[in-house]
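Numbered from 1 within each chain, the chains take letters A, B, ... in sequence-line order. Computed from heavy atoms alone, side chains included, the values below leave out hydrogens, waters and symmetry copies.
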Amino acid sequence: MGKNGGDEEVIEENGNERKDKKDQEKGLVGYSVRFDHRVPPGTKIKYVTEGMLLQELLRDPHLRQYSAIIVDEIHERSVDVDLLSGFLKQIVTGDKAGRGGIPLKVVVMSATAQVERIKKFFSSDDSLKKGTSGEEVEYLQIEGRQFPVEVVHEPKPVPDIQEALVKTVFKIHTQEPLSDKHGKKDILCFLTGQEEIEAAQRLIEEFAETLDPKVPKVKVFPLFGQLSMEAQHEAFQPIKHPFTRKIVLATNIAETSVTVPGVRYVVDCGKAKVKQYRPRLGMESLLAKPISKSSAIQRTGRAGREGPGKCFRLYTAETFNTLQKTDLPEILRTDVLGAVLTMKARGIDDVLSFPLMDRPEIEAVENALVHLHVLGALGDDGRITEMGRKMVLFPVTAPYARVLLAAADPRYDCLLEAIDIISCITAGDDIFMQVRSEEDKESVDVYRKELQRREGDLITYLNTMQRFVSTPSSDRATFCKQRRINVRNMRQALNIRKQLRSLSVKTKMLEEPPAPDSEVTYQPVSPETAERILKAFLKGFAMKTAVLAPDSSYVTAHGKHVVAIHPSSSLHGVKREAIMFLEHVYTQKNYAKKVSAIQAGWIAEALAA
DNA sequence: GAGCACTGC
């Protein structure tokens with residue numbers, strides 16, 4: 001590798017592994033993702049995730065190790081890719097001295113044409129002043145491949161989406177052929193959520209009963225994330241019965257994450273549930289909103305992957321024209337707490353002037369700065385503190401990182417316990433799956449009750465992790481099955497646990513590596529230890545607390561909003577003096593999730609010291 | 001009595 005500006009090329013990928021066995025053996029191609037790294041000596045091309053490259057920026061702010069960076073799928077606009085684009089712009093348009101005078105080449109790839117914006121963003125501000133915008137940015141276009149899809153809009157707004165859906169599905173079913181030379185001609189419907197999907201399934205199945213026996217049959221498959229892997233898998237299988245059409249009722253999962261084969265008809269309800277952070281309320285909402293034009297086009301495209309198709313939009317052409325061009329990028333929809341800390345840790349003192357393709361509201365940034373100050377990550381001068389520098393080393397959000405630091409403090413002394421809990425919580429979806437049938441529920445509840453603790457959800461997660469790791473590996477599958485624990489998420493939790501433990505040793509928060517699980521016997525934590533754990537969590541979540549009001553509702557300490565305990569919590573329906581919750585979501589109501597019982601006096605105590 | 005979809009140092 002050269003002395004300055006390396007000869008290594010980094011290809012940024014969104015988690016998709018691109019491993020070519022032969023090249024890898026020769027050491028030409030390497031990759032680096034969260035739990036898996038393979039970068040042999042002599043690597044010329046390295047595939048990394050955005051988060052990994054942001055992490056490398058901490059050590060190597062000018063990316064001197066690389067001669068070129070390729071950013072793929074930039075239109076997906078994750079927070080990480082937005083931050084990375086900002087740093088890349090600074091490197092490309094800034095002073096080359098930090099790279100020994102060697103320029104960095106940046107290639108960005110996008111499936112949708114926001115060409116002008118991207119060109120403008122990566123141009124230096126000087127060229128903008130001279131009116132030669134984008135001259136140093138070259139542009140190449142490659143045609144996509146798709147079969148034609150005919151789009152049909154509703155002539156006028158539909159009063160009832162479910163009714164319109166059933167009507168459209170059976171219009172397709174009775175008027176369009178079951179297959180052609182390209183293969184099956186199945187139907188994929190985009191709906192907003194589980195509830196809507198289950199209602200639609202009932203309606204379609206009821207209506208199907210009334211069909212003339214000469215008409216082909218239909219079989220309905222729901223498809224959403226909370227469904228078990230097996231149930232999801234069913235929706236991908238070609239239908240076995242002859243003379244039958246498959247109808248898949250899906251959430252956005254079928255727009256972004258999976259491809260259902262055989263689809264030639266798409267029915268689009270025009271909406272999707274979106275999570276959006278409300279900086280003023282310090283909480284997020286999950287509500288059905290109109291989709292963007294680009295999302296509608298993406299859904300339409302799902303009908304043309306295997307042959308010419310048709311897309312029926314359950315809204316008018318006028319409504320389509322009123323849709324936003326693109327979805328709101330994530331940085332405008334989430335808490336910018338993490339983004340601000342990421343910038344601060346990489347030397348950005350004035351975060352408001354950092355180049356971003358979309359800037360969050362000033363209020364959102366200010367809230368994040370205040371919150372980071374409360375957490376102790378920023379000092380009174382707004383600069384990152386010693387504590388903040390330690391926090392960014394952990395792959396968890398700032399409040400969790402603060403909890404880990406508190407837990408390592410001798411006053412709380414519960415780092416391993418905090419790691420167990422945070423591993424369970426940050427392992428993706430809840431490790432506890434929802435139980436669908438009533439009979440299953442009874443038996444599962446018997447086992448789950450054993451894990452539950454009166455202190456609430458956090459100590460229940462701790463109990464679960466401790467019971468799990470002290471179970472012999474041959475019995476772990478049964479352990480999970482009985483309690484309906486998602487094995488994939490549990491495996492992820494173990495990975496995170498291992499990573500957090502090793503980072504704790506590296507940062508000297510743990511003096512020595514913890515004993516292997518095989519040498520630890522299970523013992524439920526004492527109420528005294530549970531109290532120390534909850535107090536350590538309050539160091540990160542003192543703002544997310546509520547006290548029981550005289551009318552038996554919980555009122556938040558911050559903002560005085562009424563919150564209800566979510567039904568997924570072990571404390572649902574329970575009245576305690578005060579609660580701490582790690583998540584705060586508005587759906588049908590204002591809900592607190594991941595809830596623990598605390599004493600009201602602990603809140604002020606946590607904010608004080 | 002309720003759950004759009006991903007990912008990560």
Nucleotide B:dA5, atom P - distance to CD of A:Glu255 in whole Å: 12 Å
Which part of the nucleic acid, if any, lies within contact of A:Gln588, taking any heavy atom under 4.0 Å across all strands shown: a base, the sugar-phosphate backbone alone, or nothing? sugar-phosphate
Could you state the NZ-C1' distance from A:Lys271 to B:dA5, rounded to the nearest angstrom? 19 Å
Heavy atoms under 4.0 Å, any strand shown: does A:Lys593 hit a base, just sugar-phosphate, or nothing? nothing
Is there a side-chain contact between A:Thr587 and the phosphate of B:dG3, meaning an N or O under 4.0 Å from OP1 or OP2? yes
Between atom CG of A:Leu223 and atom CD1 of A:Ile253, what is the distance when rounded to the nearest 0.5 Å? 5.0 Å
Checking contacts here: which listed nucleotide (B:dC6, B:dC4, B:dG1) is nearest the side-chain heavy atoms of A:Lys275? B:dC4
Expressed as a whole number of angstroms, how long is the span from A:Leu287:CG to B:dA2:P? 15 Å
By nearest heavy atom, map A:Ser32 and A:Ala272 onto DNA chain B; which one lands nearer the 5' end? A:Ala272
When you get a sec, tell me which of B:dG8, B:dA5, B:dG3 is the closest nucleotide to the side chain of A:Gln194? B:dG3
Between B:dG1, B:dC4, B:dG3, which one does the side chain of A:Thr251 approach most closely? B:dC4
Side chain proximity check, A:Phe312 to A:Val266, heavy atoms < 4.5 angstrom: no
Separation of B:dC6 C1' from A:Arg77 CZ (nearest whole Å): 16 Å
How would DNA chain B look in dot-bracket form, 5' to 3', counting Watson-Crick and G-U wobble pairs with both distances under 3.5 Å and writing | for bases paired to another strand? .........
Over how many whole Å does the gap from A:Leu53 atom CG to B:dT7 atom P extend? 19 Å
For the side chain of A:Ile253, counting heavy atoms from C-beta on, which of B:dC6, B:dG8, B:dC4 is nearest? B:dC6
A:Arg313 charged N/C atom sitting above A:Phe320 aromatic ring, 6.0 Å / 45°: yes
Between A:Arg299 and A:Asp268, is there a side-chain N and carboxylate O pair less than 4.0 Å apart? yes
What is the nucleic acid contact for A:Val396, judged by heavy atoms within less than 4.0 Å: base, sugar-phosphate only, or nothing? nothing
Between atom CG in A:Leu191 and atom C1' in B:dC4, what is the gap in whole Å? 12 Å
Partner set under side-chain contact (heavy atoms from CB on, under 4.5 Å) for A:Ser443, not counting sequence neighbours: none
May I ask you to check whether A:Phe581 and A:Tyr591 place their ring centers less than 6.0 Å from one another? no
ring-ring contact (aromatic ring centres under 6.0 Å, His included) assessment of A:Phe541 paired with A:Tyr400: CA-CA 9 Å; A:Phe541 293 91; A:Tyr400 287 122; 5.3 Å; yes
Classify A:Tyr591 by what it touches in the nucleic acid, base, sugar-phosphate, or nothing, heavy-atom distance under 4.0 Å. sugar-phosphate
Rounded to the Å, how far apart are A:Asp335 CG and B:dT7 P? 21 Å
Any idea which of B:dG3, B:dG1, B:dC4 is nearest the A:Lys273 side chain? B:dC4
Atom CD of A:Glu195 and atom P of B:dG1: how far apart are they, to the nearest Å? 15 Å
Look at the side chain of A:Leu286 and decide which nucleotide, out of B:dG1, B:dA5, B:dG3, has an atom nearest to it. B:dG3
Applying side chain to side chain contact (heavy atoms under 4.5 Å, CB included), run through A:Leu104 and A:Leu88 and close with a yes or a no. CA-CA 9 Å; A:Leu104 177 72; A:Leu88 290 176; 4.0 Å; yes
